[in-house]
Amino acid sequence: MIVLGIETSCDETAAAIVTGEGQILADAVLSQLDEHRPFGGVVPELAARSHLENIDSLVSQALSEADLNFSDLDAVAATGGPGLIGGVIVGVMTGKAIAAVRDLPFIAVNHLEGHALSARLSERSSGNAELSFPYLLLLVSGGHCQLLIVEGVGTYRRLGTTVDDALGEAFDKIAKMLGLGYPGGPAVEQAALGGDAHRFDFPRPMKGRAGCDFSFSGLKTAVRHAALALPEGPLQEQDVADLCASFQTAAADALADRTAHALAEFKARHPGGNALVVAGGVAANMAIRQRLNTLTADYGVRLVAPPGRLCTDNGAMIAWAGVERIQALGADAAADGLDFAPRPRWPLDPDAPAAAFAGVKA
Ligand code: KG4
Ligand code: ZN
């Protein structure tokens, strides 16, 4: 089986080709970072236009990388939501057009499901033992911060979500506040390397509270207040490093506390469950990975972190989610109609209540 995957829900235009065995034959990603950088964040209208300009050539690039033609494809999968709706429309229309012309099944993939299943792809493509269901997923990106039990393809139980900012968003806003540029995550991580994590005593939001929800806006405000309380004039490099290190440690502690609750709930529901998967752009952060590694050791589960390329937005995880759907349901049942309507909001667990101020992050 050969599936084309298209991803256009945020600021990466991506097309990839993946086989039923989990081989990534092509993985083309075009980041729009340079277009959004002057604005310090993703501008939805610019993103949609840029997806439209680039998606066709990315699909061609993926096909030529894989040395394949449209006639070799068995299905087309595209992100159908949640995300910035202009971009999602571009990807969905492109996928539908290819499917219509080539008479292929079209599969609208939930972007979060792409992240959720990406670790099964990376474990397979790196030759490791199969990552079997159920597992706990910590999804931390610029748009989402959630803990979910992945029980099977299409079966997700959300244990917690952010009630305000996603963690990547907090990294980005703090970087902007400290003059570190965009995207913030890698810049904050880099600056933190030379900083003193004990200099500022920042809050660990939600720590000790029941449940698995997150909150990062109070931590972000605390960093702002600490920066404003420093002597007037431009921030010194050491101050920035100390602020970043103290913030990153507080964020990692908060994540670990919430994830510990989720691990306890996961083990209670599934005593045999043995893996925590961390995915999304923030999963690239080494300090956070180390913190999670210590935590999983305490619970006797292994930490699975897909390589950075599969953690940030990409087409391979969308193609793979298409493969998984076809393998689970058969091509006919897995396919969506060409009347599928792109979805700005699309919770993975339809039974989970929407969080008050989290927007699409819930
Ligand atoms: O998954 P992703 O590429 O896009 C979505 O948001 O869906 O994640 C991007 C986010 C950005 O907020 C970026 O600042 C953050 O992931 N990020 C990091 C790191 N690398 C990327 N955050 C912390 N540390 C990093 N090394
Ligand atoms: Zn994403």
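Note that this is a predicted model, so its numbers are computed, not measured. Every number for a ligand or one of its atoms is a count from 1 in the order of the listing.
Residue side and main chain included, H144 places no N/O/S atom under 2.8 Å of the Zn ion (ligand 2). The Zn ion (ligand 2) has no N, O or S atom of C10 under 2.8 Å away, backbone or side chain.
Within ligand 1, the atoms closer than 4.0 Å to a non-hydrogen atom of D313 are 1 (O), 3 (O), 4 (O), 5 (C), 7 (O), numbered from 1 in the order shown. Applying the 4.0 Å criterion to heavy atoms of S141 picks out, from ligand 1, the atoms 1 (O), 5 (C), 6 (O), 7 (O), 8 (O). The atoms of ligand 1 that sit less than 4.0 Å from any heavy atom of G168 are 12 (O). Counting the atoms of ligand 1 from 1 in the order shown, those under 4.0 Å from a heavy atom of G142 are 5 (C), 6 (O), 8 (O), 9 (C), 10 (C), 12 (O).
The pair D242-R199 meets the salt-bridge criterion, since a charged nitrogen lies less than 4.0 angstrom from a carboxylate oxygen. Under 4.0 Å is where a charged nitrogen must lie from a carboxylate oxygen, and between E123 and R302 at least one such pair does. The existence of a salt bridge linking R49 and E45 is confirmed by a sub-4.0 Å separation between a basic side-chain nitrogen and an acidic carboxylate oxygen.
Vertex the Zn ion (ligand 2); arms to H111 atom NE2 and H115 atom NE2; angle 90° (nearest 10°).
Hydrophobic cluster membership is shared by L167 and I174, with clusters built from Ile, Leu, Val, Met, Phe, Trp and Tyr side chains linked at under 4.5 angstrom.
Nearest to atom 19 (C) of ligand 1 by heavy atom, out of A187, C311, G281, is G281. When G114, G185, P183, A170 are ranked by how near their heavy atoms come to atom 18 (C) of ligand 1, first place goes to G185. Nearest residue to atom 14 (O) of ligand 1 from L139, L112, D172 is D172 (criterion: closest heavy atom).
In this structure, R289 places its CZ atom where more than 12 heavy-atom neighbours from other residues, nucleotides or ligands lie under 6.0 Å away.
A heavy-atom separation below 4.0 Å is found between G143 and ligand 1.
In this structure, L46 and E35 approach most closely via the heavy-atom pair CD1-O, 4.0 Å.
For D313, the N/O/S atom at the shortest distance from the Zn ion (ligand 2) is named OD1.
With sequence neighbours excluded, the residues that form a salt bridge (Lys or Arg N to Asp or Glu O under 4.0 Å) with R309 are D27.
Here the heavy atom of the protein found nearest to atom 24 (N) of ligand 1 is N285 ND2, 3.0 Å. Regarding atom 26 (N) of ligand 1, its nearest protein heavy-atom neighbour is E189 OE1, 2.7 Å.
A cation-pi arrangement is absent between R120 and Y135 under the rule of less than 6.0 angstrom and at most 45 degrees off the ring axis.
The distance between the ring centers of F200 and F247 does not fall below 6.0 angstrom.
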